[in-house]
Amino acid sequence: MTTIAMIFLLGGSFSLILLFIYWCDRIIEGTKGAEK
Amino acid sequence: MDLLQISVVILFLLLIVKPLGTYMYHVFSNESNRTDKPFSWVERAIYFICGLKVRTQMSWKKYALFLVLTNIVFVAVGFLILLIQGYVALNLNGIKNMEPTLAFNTIISFMTNTNLQHYSGESGLSYFSQMAVIMMMMFTSAATGITVAIAFIRGITTKGLTIGNFFEDFTKAIIRILLPISIIMTIVFVGLKVPQTFEATIKAKTVEGEVQNIAIGPIASLETIKHLGTNGGGYMGANSSHPFENPSPMTNVLEILMMWCIPASLTYTYGKFAKKQKQGWVIFSSMLILFIGFFVLEYYSESQGNPVLNTLGLNHEQGSMEGKEVRFGIAQSTLFTTVTTSATTGTVNNMHDTLTPLGGLVPLALMMLNSVFGGDGVGLVNMLMYAIMAVFICGLLVGRTPEFLGKKIEAKEMKLITIALLAHPFIILVPTAVSFIMELGKGAISNPGFHGISQVLYEFTSSAANNGSGNEGLGDNTPFWNISTGIVMLLGRYISIIALLGVAGSLVKKQWVPETIGTFRTDNSLFTGILIGVVLIVGALTFLPVLALGPIAEYVTIR
């Protein structure tokens, strides 16, 4: 049970990290859009 | 004698910086050079096996994505091995499978280059786990850090749409830098009496008739990449204070130089990429000045002895030797401590929990700043982040658009830098505060009073800075500490890496701004001073209150 919980925790954490890449990209691209 | 020892080590470092920095420039400059001949055939074979015959240049987003995905694969494989190590080959000492929360903590710890250890290597890992998980992660996490630095350097020094190919940089970092140096140094370490064997633990009978287990194993090979990769995770629980890991002052000096050389030399590589060597020296000088300042405090504090013992009238001529190895003395112990926390390696040759209050403040402060040399690659990137911050502040002061290396710094870059800058204190201070609220956190403290605050603070600071050294007074192998520090390590590693790769991706697309008489110069002593000031002011504003509650309060209490 603990093993499954840890697998989910690892998966969830890395999913959030992958989402963070797209959030940073939106900061870069989004600001460019606002300047236009 | 102490001064001589310290000066010699720093002199050796200065001698290494230029050749190693130049070598790394040639490795990553993507131009044909002499490093191709001995290594390119190995790389071609790896590219062929991995289906990477065509290696296209990547945008920052793709670079970051492949970096994280590659790390996820390593984590998945390593996590599985730790969970089933009891059934896998090369388990000569009958080590059991690792407990899941400890495996969670360990795998994140080594993938993030932290090497925080809530276990003892000699009793918690099989030989297969030591090599296939721990040593493999030591190579890959260090290579990941180096690739981030190279991608960031390309971003701020070149013009285009891409920052390189992650897989090519990653392979080159391992094949051309980490592996050759590790092989040579492993042989040197074996010559200096560090064990390298597959024999099982020796059972010796003592004079009193008791049986003593003497752990051995493939230690020399782990020892080299442990330091070269600014990893820090020891083969033994006692890390580099154990006589098999660090038998003599000679091995101690080599270990110091190995963990220091890549972070220091990358500043020279940066100067080569920028086509202005002065830029690299400014960064190097800023780091060295900060380092020396902190080292002087560390050395002075430890050499004065323990204030409490001094008041009892005990002789303190040898300094505060509690928790230190006699074969290293004060000079080599304090230098090791300062280098291991500035280069965020985390290896220890003395007990950090028994450092004097101000001696304990130094490693904490260096990990909080996380930019004084720093880990392989990430330290340079963090210092360049502060450099951009310094340029931005100066630009605001004089009312000009800030520029760094001929590229305008705008709101989007500053937003990402602010995220990276604020994430670090957030993931240290919030979990520290939460730990004091919860019994699960408070229960682990072994030392009451202000020193207990330092113990908890040290654990989260070490995790967030991806340092990994332990205060060792904390009972930290519990699900609460395994999971909380695991999450802090993940955030500490990837938030800043991704945000700063984003900055690189944004800057690489920008047009060069021609240098004019009004351009704020970033290659002179004035900027060195400003950079040091910014690092110290930002660090002090963020962390001084909590330091006042921990080591400073302890110092005031017992002096």
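In this text, all values refer to a predicted model and were calculated from it rather than measured experimentally. Sequence lines set the chain letters: A, B, ... in the order given, protein chains first and strands last, and positions in each chain run from 1.
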Asker: Below 4.5 Å, heavy-atom pairs only: which of Ala64(B), Pro100(B), Gly502(B) has the largest tally toward chain A?
Answerer: Pro100(B)

Asker: Would you mind checking which part of Ile108(B) comes under 4.5 Å of any heavy atom in chain A, side chain (CB onward), backbone (N, CA, C, O), both or neither?
Answerer: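 For Ile108(B), the side chain is the part near chain A, not the backbone.
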
Asker: Counting only heavy atoms not in Lys510(B), do more than 12 sit closer than 6.0 Å to its NZ atom?
Answerer: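 More than 12 within 6.0 Å, yes.
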
Asker: Can you tell me how far apart OG (Ser13(A)) and CG (Leu491(B)) are? Round to the nearest 0.5 Å.
Answerer: 7.5 Å

Asker: Rounded to the nearest 0.5 Å, how far apart are CD1 of Ile7(A) and CZ of Phe104(B)?
Answerer: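 Output value for this atom pair is 11.5 Å.
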
Asker: A side-chain contact here means heavy atoms from C-beta on lying under 4.5 Å apart; do Leu16(A) and Leu490(B) qualify?
Answerer: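 The answer is no; the side chains never approach within 4.5 Å.
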
Asker: Rounded to the nearest 0.5 Å, what separates atom OG in Ser59(B) from atom CG in Asp25(A)?
Answerer: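 The CG atom of Asp25(A) is 7.5 Å from OG of Ser59(B), to the nearest 0.5 Å.
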
Asker: Please walk me through it: do Leu10(A) and Ile72(B) pass side-chain contact (heavy atoms from CB on, under 4.5 Å)?
Answerer: CA-CA 9 Å; Leu10(A) 272 173; Ile72(B) 290 173; over 6 Å; no

Asker: Got a second to check how far Asn105(B)'s CG is from Met6(A)'s CE, nearest 0.5 Å?
Answerer: 10.5 Å

Asker: For a side-chain contact (heavy atoms from CB on, under 4.5 Å) check, start with the C-alpha distance between Phe20(A) and Ile419(B), then their side-chain angles and the critical distance, and finish with the verdict.
Answerer: CA-CA 11 Å; Phe20(A) 182 64; Ile419(B) 289 169; 3.9 Å; yes

Asker: Check the pair Trp23(A) / Ile498(B) against side-chain contact (heavy atoms from CB on, under 4.5 Å), numbers first and verdict last.
Answerer: CA-CA 10 Å; Trp23(A) 189 51; Ile498(B) 292 167; over 6 Å; no

Asker: Calculate, to the nearest 0.5 Å, the distance between atoms OG1 and CD belonging to Thr3(A) and Glu99(B) respectively.
Answerer: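 Atom-to-atom, Thr3(A):OG1 and Glu99(B):CD are 8.0 Å apart.
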
Asker: At a heavy-atom distance under 4.5 Å, which candidate from Ile483(B), Leu501(B), Leu83(B), Val503(B) has the highest pair count against chain A?
Answerer: Ile483(B)

Asker: More than 12 non-hydrogen atoms from neighbouring residues, nucleotides or ligands closer than 6.0 Å to CZ on Phe426(B), yes or no?
Answerer: no

Asker: Looking at CD1 of Ile27(A) and NZ of Lys412(B), how far apart are the two atoms once the value is rounded to the nearest 0.5 Å?
Answerer: 11.5 Å

Asker: Measuring heavy-atom distances to chain A, does Leu65(B) have an atom under 4.5 Å in its side chain, in its backbone, in both, or in neither?
Answerer: both

Asker: Which heavy atom of Ala499(B) sits nearest to which heavy atom of Cys24(A), and what is that distance?
Answerer: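 Smallest heavy-atom distance, with atoms named: CA-SG, 4.1 Å.
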
Asker: Around Ile4(A), counting heavy atoms of other residues, nucleotides and ligands shown, do more than 12 lie under 6.0 Å from its CD1?
Answerer: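 Not more than 12 within 6.0 Å, no.
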
Asker: Does atom NZ of Lys159(B) have more than 12 heavy-atom neighbours from other groups under 6.0 Å away?
Answerer: yes

Asker: Would Ile21(A) and Trp60(B) count as a side-chain contact (heavy atoms from CB on, under 4.5 Å) here? Give the steps.
Answerer: CA-CA 9 Å; Ile21(A) 297 176; Trp60(B) 85 267; 4.0 Å; yes

